[in-house]
Amino acid sequence: MTGPFAVHGVVHLVRPSGRSATDRAGLRAGIEAVPDASLFYHVHHPRLRHPFAASAPPDDFSAWINGVVQDREAAERIAFAAQSGGPTPGALREALLATL
């Protein structure tokens, strides 16, 4: 190979926080405890992780409630809270917790 290396995409490296949820109470406890960066990641990164998906989930929290708990109404409320939660991580956390 004689030319420069061509970059064809990007990889987002993520380090798991070690927390997981198995029910709504666990999700609530996790949202209360995680750092602001984790909230940002779970609300905004689905669109970055799936840039070519026909319909990427709006955020990880609503996708989890829809898929695991299978409560579409709650998932829709969480998606709305995630999208309109406010300009700061504290406001986002508050909106998500109030919705749960």
Side-chain angles (χ1 to χ4, degrees):
M1 181 172 187
T2 59
F5 179 75
V7 177
H8 295 283
V10 64
V11 174
H12 297 276
L13 300 177
V14 178
R15 183 176 60 195
S17 68
R19 294 187 175 275
S20 63
T22 57
D23 56 19
R24 283 187 208 205
L27 179 62
R28 182 179 182 77
I31 289 173
E32 288 175 339
V34 297
D36 294 347
S38 284
L39 282 181
F40 177 85
Y41 175 81
H42 286 292
V43 169
H44 297 291
H45 275 243
R47 289 178 292 279
L48 298 176
R49 287 194 308 266
H50 307 288
F52 302 110
S55 62
D59 61 274
D60 288 337
F61 301 124
S62 62
W64 184 85
I65 288 177
N66 187 42
V68 175
V69 180
Q70 296 191 355
D71 184 342
R72 293 189 192 279
E73 184 180 329
E76 188 174 322
R77 288 193 313 264
I78 288 291
F80 180 77
Q83 293 168 15
S84 62
T88 66
L92 172 62
R93 187 183 315 270
E94 208 172 285
L96 291 170
L97 292 173
T99 303
L100 284 172

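Sorted by first and then second residue, the side-chain hydrogen bond (donor to acceptor under 3.5 Å, both in side chains) pairs with a member in residues 86-99 read Asp36-Arg93; sequence neighbours excluded.
Residues Tyr41 and Asp60 form a side-chain contact, since some pair of their non-hydrogen atoms from C-beta on lies under 4.5 Å apart. Residues Asp59 and His42 form no side-chain contact, since every pair of their non-hydrogen atoms from C-beta on lies 4.5 Å or further apart. Contact check for Leu27 versus Val69: no side-chain heavy atoms found under the 4.5 Å cut-off.
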Do any side-chain atoms of residues 72-81 form donor-acceptor pairs under 3.5 angstrom with protein atoms, and if so which ones, sequence neighbours left out?
residue	atom	partner	partner atom	Å
Arg72	NH1	Asn66	OD1	3.3
Glu73	OE2	Arg77	NH1	3.0

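For the pair Ala91 and Gly86, the tightest heavy-atom approach, listed with the atom from each and the gap, is CB-CA, 4.0 Å. Pairing each heavy atom of Leu39 with each of Pro89, the nearest pair is CD1-O, 3.9 Å.
With rounding to the nearest 0.5 Å, the separation of CG in Asp71 from OG in Ser62 is 11.5 Å.
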Kindly determine whether Phe61 and Leu100 satisfy side-chain contact (heavy atoms from CB on, under 4.5 Å), including the steps that lead there. CA-CA 10 Å; Phe61 301 124; Leu100 284 172; over 6 Å; no

